[in-house]
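What follows is a short report on a single structure.
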Amino acid sequence: MTVSSWRLSIRHRTGFTYDGQVGASYNEARMSPRDDPHQAVLDARVEVWPPARTYRYEDYWGTVVTAFDVHTPHERLEVTASSTVETLPPGGAAPAGVPWSDLAVDRWHELLLPTPRTTLDEELAALAGEIRGAYGSPHEAALAVCERVRAEVAYVAGSTGVQTDAVQAWRQRSGVCQDISHLTVGLLRAMGIPARYVSGYLHPSRSAAIGEPVVGQSHAWVEWWAGRWTGFDPTNGIPIGERHVLVGRGREYGDVPPLKGVYNGPPNTGQGVEVEITRLR
Amino acid sequence: MLSRIAESLYWIGRYVERAEDTARILDVHLHLMLADPWVDEDTACRSLLSVMGMSTDDRPLSAARVVGLLGLDERNPSSVAGALAAARENARGARETVSSEMWESLNATWHGLPDARRRVDQEGVHAFFRWVRERCAVLAGLTDATMSRDEGWLFLVLGRSLERVDMTARLLSTHTRAGGSIPSWLTLLRSCGAWETFLRTYRGSLDDRHAAEFLLLDRLFPRSVFAALSTAESCLAELSPDAGRAGVATDARRIVGRARTNLEFRGAEELIADLGGLLDGLERTCSQVNDAVSRRYFRQTSAVSWVQEAVA
Amino acid sequence: MADLFEDYRLGPGWDEMFGEPGMPRATYEALHATLQPLSSAELGVRADVLARAFLDQGITFALKGVERPFPLDIVPRIISAAEWAVVEAGVAQRIRALEAFLADVYGAGQVLADGVVPRRVVVTSAHFHREAAGVNPHNGVRVHVAGVDLIRDETGTFRVLEDNVRVPSGVSYVMENRRAMSHVLPEVFSATRIRPVESYPRQLLRALRAAAPAGVSAPTVVVLTPGVHNSAYFEHALLAREMGVELVEGRDLVCVGNQVAMRTTAGEKRVDVIYRRIDDEFLDPVQFRADSVLGVAGLLNAARAGQVTIANAVGNGVADDKLLYTYVPELIRYYLGEEPILPNVETYRLEDPDVLAHVLDSLDTLVLKPVDGSGGAGIVIGSQASDEQLAGVRDRLRRDPRGWIAQREVKLSMVPTLIGNRLRPRHVDLRPFAVNDGSRIWVLPGGLTRVALPEGALVVNSSQGGGSKDTWVLAGSSGSPAHDASARPLGVAPAGVAPPPDPGPGFSVPTGGPGIGVGTVPGPGDGAFAAQQQQQQQSGGGAC
């Protein structure tokens, strides 16, 4: 039996524009996929405008970071990450997982704690309790949470911002993949299931034509631990497969922002994100 | 040395000189205003403030207000009290380089400022200005005796010399501007502490040409514009010795050198004929040199405030 | 009148000077013999000189924004060579264990995988900075300077109260105290062989140099201070001065391409080692607080890239978390295979509900400390707290057991202290300072003894209004040098009297000694000359 992996080429361009000249700027990009059980990275490069020397390292969460600083005056900053990755389809049958009583493992304690964007209010905490009570196994409950969030929260591009948290997204019943993932992670943790926020890319089409560049997305999804780490895409309601390319994981967006930094200069007038994905094989 | 420390020392030199020279100018001119019955106080005050680079509103001016603005206002670095406070603040940040005696002297001077108001009320402005001149003299003496002749000292003396050129030019311009009573050359010489020296040098013949020559060109009298420019020039030469075969190492030195030669090689008659223009030119020179020095030696000494940004 | 020890009553803590009333312990015999016959007036005079010396030098401590002199009590605290040997070994042992822990926790995490310390303790520590993961110092040292706070319990045994491995301060007081005391009590110094403390800056500089990045043979070291408004600025300036290195603020440094340089009048000069006295949170706006104007953007990545060494390392705070403190004895056993030389104070971890219940029941015998506190802030001493305070702390313990520890209230040891014009026992603690240069850990002989000045007060931190004492470690009879071998006298003075300076014109040279530049010009004091002048005056007058 041949395993049908995909080979994807990704070009992710993002950056900032300013209302005038910026003197100095220090940034970190988390835009490079990494080797993982479900993917192999064949090539990953990051280029910067204005040109700057880059420094690569792996952070605490294992995400590849490209750090750089710019000291020539500039009115826009642009980072382009290009990578080629081979991805595998989703694994076999769903694992049974461990029972509720075995979830509080010291090793994953960090992924059980609430964080700024994943803290719940009373209503959501009650929802978590309700779902937990309804399912015999954590794994099933986790799937149910994903389903419930997907059903209730509409995907509406532009309805939220980088700072939006889970409670806000729930209250307005709309958000983007980042918010849906934060909400899901928050509910999972409230049920006692260690959960991670994952940042990466998604090829939009199941039947991707080979060689055709399409507009892709910077995407977010979740992973939970019920005996072993399982990934799921709550925004699209699908398991993680060949269309997903993983960049980094953490407790929430704040641990894996694609591009963040500080600069000395006039206000930021905008930011852009462009992702182009091509299936090569 | 650290740019920030060099800048602090440069400004200590400037502020202390400013305090002393402003005290001298005010002392002389306020006395004149009181002594001369034909003087219109408002016009004279306005003229004095404009020479010192301070804009005025339409409210009537009086000697008391001038004392308040240029003598006692601690928040204004152009006033005597403000300059002394600023000098002390700079010394605080550079405490490790300024000798402890210099720091204590500046600190004690600053602590004595609240008494200044009292001194003005009780003993008159002259007593206050005399106190300021004495405190500045103490500091100059300590600078002389307790500072190594290193880079720090060079920056301090550079600042002091530049300020001296600027302030002496302002003092002289009180003579050239119309309006209000015109201080005589005798008055100007006295306010620089130059009267006795002048007499010895020119053996009693006080005429405009000699007085102007003395205050502008005298090589030996330290408060002359020429002497101050030369000192500034030699500080700059020591700070950045010339590397190549042609020209001088820094813009600042070029500007100062040109100003100095301008004075040195033009006759006194020629200079006096265009005294107003000359003095304006000197004030401009000082600010150009200040900018050139800051650009070259004091790049980015203040803290940067950063703005955070992130992309979804 | 020898009235200093009048009405001196022992207790409640172990008295360091007196084993029984009027019977000084061997260590304090000499000091007691000096003080006993003095009158309070005599000692008071010396104490005043001491206070003035500090004020004149401007040694102050900013308490709540106001600068005031840091009171140095005139009675020193003395530790015998044998007692000190235990402290020295115990402190060094502790630092070795904490170094290993920090390398582990920001690296492989073996200590967590092996369950010696629960991971949850580490990941919930406020100062566990994930940004520091993977930053490996070239010589492996993360704790270049440590201050381990010790107390002596009711039996006189030294116990560790807390570890400080982030930005420990106070060593400048140790050096200034010693300087002041040697001026005011010179006769006691010459009679006693006390181990000197003046070599601290030299030791620190050596350790900082040894911490330089790979390939740097003549490292440039700087001291990074928040600035003149910081309450410990005096110490930053003193250390920079004594080490002969530049004192810089964040704005003097710039990081370009992971290389750090300081802005000088001759352009940018590379910096290799930064002894920083700024907290992690303010150190690098890229990684931590972006609103910090005290730090240097890009500094942490420069350290990560091995281009600069930050001393002490970023993230050390996880090791001086007060909850982690309760695990340090286990860490010593785990990493070093040794038994702890210095015991902890008995401490309760409150996350266990049974323990919490027991603690809540016995608050009046316990001291409650926030896990995160420093400078003694937030500490509640059960036996001294009001009902309201107890209710408040009870509430906080229930809501956030991870944020607190409870310790048995130890009656700290006591040393006679000049209160008014009598000597009275007051509680003290001790902060020895340790410097790690990568090959050995050097412990400053003595350290900062802090004394709680109000009667019965147990909190001795300087920011809570305490004072200090000079701390004397006696040189052992085993031949350890009483003076630093490197402090040799500068040659021998010539015998005989030196020639007097030139008197100048108008004065004759005093007779009886060899003179330089003997002038033959008669001066005004010269008898013949004066007589002539007088004659002139008399004859010149003429008849009126």
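Residue numbering restarts at 1 for every chain, and letters A, B, ... go by the order of the sequence lines.
Among residues two or more places apart in sequence or in another chain, the salt bridge (Lys or Arg N to Asp or Glu O under 4.0 Å) test is passed with A/E152 by A/R148, A/R173. Applying the side-chain hydrogen bond (donor to acceptor under 3.5 Å, both in side chains) rule to A/R45 yields the partners A/D43; only residues at least two apart in sequence or on another chain are considered.
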Tell me which donor-acceptor pairs, judged by distance alone and kept under 3.5 Å, run between chain A and chain B, one pair per line.
residue : atom : partner : partner atom : Å
A/Y18   : OH   : B/E309  : OE1          : 3.2
A/Y18   : OH   : B/E309  : OE2          : 3.0
A/Y253  : OH   : B/V311  : O            : 2.5
A/L259  : O    : B/V311  : N            : 2.8
A/G261  : N    : B/E309  : O            : 2.9
A/G261  : O    : B/E309  : N            : 2.9
A/Y263  : N    : B/V307  : O            : 2.9
A/Y263  : O    : B/V307  : N            : 2.8
A/N268  : ND2  : B/E309  : OE1          : 3.0
A/Q271  : NE2  : B/A310  : O            : 2.9

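Contacts between B/V307 and chain A at a heavy-atom distance below 4.5 Å involve backbone atoms as well as side-chain atoms. A/A24 touches chain B through backbone and side chain together, each having a heavy atom under 4.5 Å away.
Interface check for chain B: of the options A/V273, A/L259, A/V176, the most heavy-atom pairs under 4.5 Å are formed by A/L259.
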